[in-house]
There are 2 protein chains.
Amino acid sequence: MDHRTGPLIVLEPSRLAGTRYGNRPTMKDVAARAGVGLKTVSRVVNGEPGVTPETERRVQDAIEALGFRRNDSARVLRKGRTASIGLVLEDLADPFYGPLSRAVEEVARAHGALLINGSSAEDPEREQELVLALCARRVDGLVIIPAGDDHRYLEPELRAGVATVFVDRPAGRIDADVVLSDNHGGARDGVAHLIAHGHRRIGFIGDMPRIHTAAERLRGYRAAMEDAGIPVAEAWMSLGATDPLRVRRAAEEMLSGPSPVTAIFAGNNRVTVTVIRVLAEQRRQVAFVGFDDIELADLLQPGVTVVAQDAAALGRTAVERLFRQLDGSLIAPEKIELPTRLITRGSGELPPAD
Amino acid sequence: MDHRTGPLIVLEPSRLAGTRYGNRPTMKDVAARAGVGLKTVSRVVNGEPGVTPETERRVQDAIEALGFRRNDSARVLRKGRTASIGLVLEDLADPFYGPLSRAVEEVARAHGALLINGSSAEDPEREQELVLALCARRVDGLVIIPAGDDHRYLEPELRAGVATVFVDRPAGRIDADVVLSDNHGGARDGVAHLIAHGHRRIGFIGDMPRIHTAAERLRGYRAAMEDAGIPVAEAWMSLGATDPLRVRRAAEEMLSGPSPVTAIFAGNNRVTVTVIRVLAEQRRQVAFVGFDDIELADLLQPGVTVVAQDAAALGRTAVERLFRQLDGSLIAPEKIELPTRLITRGSGELPPAD
DNA sequence: ATGAAAGCGCTAACAT
DNA sequence: ATGTTAGCGCTTTCAT
């Protein structure tokens with residue numbers, strides 16, 4: 001993927017045929033009906049002073065009679081601010097992003113801004129497409145959970161003043177605000193927890209290695225193993241897509257053979273749900289720790305020990321920083337790392353089976 | 001809440017100070033730099049024919065040199081279509097809405113439209129605020145999971161041609177497209193399932209009665225009981241907020257006393273997670289069926305029997321209908337009801353404890 | 001207190 | 001093949 005401006009027509013109205021706004025009334029229409037000037041209508045609509053109560057009433061009546069609603073497209077064009085921010089994430093349906101989106105929306109709302117939301121489906125080109133479409137709409141700011149690792153295409157936008165914060169994963173090849181979880185430390189703690197409970201043959205199953213969080217968590221795994229002086233076998237590590245088939249195969253492989261792993265560390269919540277299914281089918285007890293908390297983790301037998309990150313805090317921190325960029329109270333880009341928390345529920349405290 | 005036009009300033013840019021677009025280059029700037037006319041730039045940017053390759057290259061170079069990005073606000077103002085649709089739901093963080101949002105986004109994307117997303121937090125006023133803000137931005141269409149029960153405030157918008165589809169719950173006091181699950185039938189089937197397994201004292205815990213789905217599911221419960229000739233005690237039914245404390249108390253009450261319920265039917269996924277926790281603490285085995293499927297329901301002991309609805313299909317059906325409204329191939333509003341599916345996993349097949 | 005005129009950046013319609 | 005003009009609906013500026 002290059003970062004040329006390229007064909008600018010990213011998202012086209014396509015089949016959206018039809019009449020312009022279905023002939024909506026404008027301020028001009030309201031003015032005519034109320035027998036006042038256009039500017040007076042504008043004053044009333046925007047609650048500006050300088051209108052007698054009597055005039056105001058006439059205008060309000062006209063507004064209601066016509067079903068007038070201010071056209072914010074025109075307003076935005078004139079004012080230069082859209083009061084909207086864009087959120088680009090990987091998949092709206094992933095439960096990890098639910099609380100994050102909500103946190104972003106809440107803060108945006110508090111600042112009077114709307115949220116435009118899009119999924120990259122973990123595809124760097126689609127991420128770029130989306131981000132540029134949002135920029136074309138002149139969103140005031142962007143919260144990006146990046147799929148790609150080269151964001152130089154954003155340089156003109158940053159220069160033009162689009163507030164931008166990257167979340168969950170760092171920006172690539174540009175200098176920008178970033179809010180992350182302590183992926184390395186969290187994974188290291190989780191694996192160290194397994195080691196402390198007597199495990200030495202520990203498997204790691206994670207997402208695709210090009211994803212920053214996956215790579216960092218793997219590093220954390222390696223660090224914990226090295227700290228304990230345990231040499232890591234290649235067969236204990238499996239990175240790749242998080243679809244159930246791939247993960248299942250990876251887990252089953254680690255659990256078979258002459259010296260199977262006695263514990264598994266899962267790199268994210270999608271991996272966790274599949275690994276737990278596989279472990280439930282095993283005769284032998286296998287210890288487990290997963291990155292990301294999941295709903296009902298406490299009710300499974302055994303309870304699922306996890307390294308939890310605070311998705312809502314990630315979103316909140318990011319968007320708060322974004323609005324501070326917008327009001328000019330922020331100078332240099334920064335990297336913020338939020339701590340993770342080990343929650344012990346049973347699965348991570350099982351002893352080795354052999 | 002009235003449905004007057006009211007103060008139109010719903011979401012204001014507030015503290016979003018700053019310069020207009022940070023002085024972004026316009027087509028005029030590009031034209032000047034490339035030494036061509038404004039319209040030629042427009043042609044290049046929009047991939048229209050009638051530009052020699054040589055001229056096109058000059059324009060492209062100028063675009064890159066200046067970091068130009070078309071201002072879609074201006075474009076929208078001229079064209080009358082925003083190529084965006086609004087999705088108003090209850091809570092972005094509720095796992096039920098994840099797949100629904102994603103389905104809406106996917107179809108929107110296929111039609112070249114962006115998604116603007118907002119949560120009503122189950123507050124009718126906030127719903128109206130959001131919807132009207134979206135209308136002011138001239139979204140081409142709205143997908144609404146309504147919190148309120150009076151949508152007459154939308155009449156001017158509908159007349160103006162804003163495509164609108166209600167999902168999960170019906171529209172109130174206006175004639176509009178609606179896509180629902182078969183809440184009544186699903187609940188009736190779920191409760192009948194419990195009855196078939198020998199239960200007679202069955203509790204129902206649901207969401208607030210003013211929410212359509214909650215009321216319908218309660219009706220389904222009553223229907224099943226009546227079909228079986230079982231008189232329903234008031235103490236067996238509890239409707240209210242879905243916060244864990246309220247639900248816990250309701251469940252514990254039904255399970256205590258001289259003749260406790262032997263089975264519980266939960267009205268939605270939020271209720272389910274709490275009731276399952278309560279049941280896990282009971283000495284006695286209590287049968288359970290919940291409305292909405294939940295992740296890992298198959299791995300709990302016993303597996304959780306549910307009446308599943310297809311959230312993605314709800315979203316997809318709704319937004320597809322919306323685009324058919326937009327391209328004019330739709331005439332009268334319709335009510336579409338999608339079937340639910342009973343998934344037996346164990347908890348619903350337990351016999352009565354007494 | 002009210003209004004007229006200019007112009008935000010783009011596209012449509014019409015020249016050349 | 002390319003450019004000119006008008007105007008989308010609003011806000012800004014400046015008169016009255």
Side-chain angles (χ1 to χ4, degrees), chain A residues 8-9 12-13 16-32 34-59 63 66 68-83 135-138 160, chain B residues 8-9 12-13 16 18-32 34-59 62-63 66 68-83 135-138 160:
Chain A
L8 283 164
I9 321 104
E12 203 57 8
L16 304 181
T19 51
R20 49 185 332 98
Y21 307 135
N23 272 340
R24 272 171 166 286
T26 70
M27 283 192 180
K28 198 174 151 192
D29 301 327
V30 174
V36 300
L38 173 56
K39 179 62 207 180
T40 299
V41 177
S42 173
R43 286 201 179 88
V44 171
V45 168
N46 295 302
E48 287 165 21
V51 183
T52 57
E54 153 61 12
T55 310
E56 164 152 12
R57 225 193 29 69
R58 286 224 316 283
V59 171
I63 285 175
L66 296 173
F68 168 81
R69 197 88 63 203
R70 182 181 65 199
N71 185 336
D72 278 353
S73 295
R75 173 169 228 254
V76 155
L77 181 59
R78 199 58 244 246
K79 296 199 83 117
R81 286 273 171 196
T82 56
C135 289
R137 285 175 193 234
R138 298 295 188 265
Chain B
L8 283 164
I9 319 103
E12 202 59 8
L16 304 181
T19 52
R20 51 185 324 101
Y21 306 138
N23 272 339
R24 273 173 166 284
T26 71
M27 283 192 181
K28 200 173 150 197
D29 301 326
V30 175
V36 300
L38 173 57
K39 180 64 206 181
T40 300
V41 177
S42 173
R43 286 200 179 91
V44 171
V45 168
N46 295 302
E48 287 165 20
V51 183
T52 56
E54 153 62 12
T55 311
E56 164 152 12
R57 225 193 28 70
R58 286 224 318 282
V59 172
I63 286 174
L66 297 174
F68 168 82
R69 199 87 65 201
R70 181 181 67 198
N71 185 334
D72 277 354
S73 296
R75 172 169 229 253
V76 154
L77 180 58
R78 197 59 245 250
K79 296 199 84 118
R81 286 272 171 197
T82 56
C135 289
R137 286 178 192 231
R138 298 296 188 265

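Worth saying up front: this structure is predicted, and the values here are computed from it rather than measured. By convention in this document, chain letters (A, B, ...) are assigned in the order of the sequence lines, proteins followed by strands, and residues within each chain are numbered from 1.
- Distances from the side chain of B:Arg43 to the nucleotides D:dT2, C:dC10, C:dG3 place D:dT2 closest.
- One atom, CZ of B:Arg138, and another, C1' of D:dC8, lie 12 Å apart when rounded to the nearest Å.
- For the atom pair CE (A:Met27) and OG (A:Ser42), the distance works out to 4.5 Å, reported to the nearest 0.5 Å.
- When each of B:Ala74 and B:Gly50 is assigned the nucleotide of DNA chain D bearing its nearest heavy atom, the one mapping closer to the 5' terminus is B:Gly50.
- Phosphate proximity of C:dT2 to A:Thr52: present, with a side-chain N or O under 4.0 Å from OP1 or OP2.
- Here the side chain of A:Thr26 is nearest to one of C:dA12, C:dG3, D:dC10, namely D:dC10.
- Using modelled atom types and a 3.5 Å distance limit, the side chains of A:Arg70 and A:Asn46 yield a donor-acceptor pair.
- For A:Arg78 against D:dT12, no side-chain N or O and base N or O form a donor-acceptor pair under 3.5 Å.
- The phosphate of D:dC10 has neither OP1 nor OP2 within less than 4.0 Å of any side-chain N or O from A:Ser42.
- Rounded to whole Å, atom P of C:dG9 lies 17 Å from atom CZ of A:Arg75.
- To the nearest angstrom, C1' of D:dG9 lies 16 Å from CZ of B:Arg137.
- Nearest nucleotide to the A:Leu77 side chain, out of C:dG9, C:dT2, D:dT4: C:dG9.
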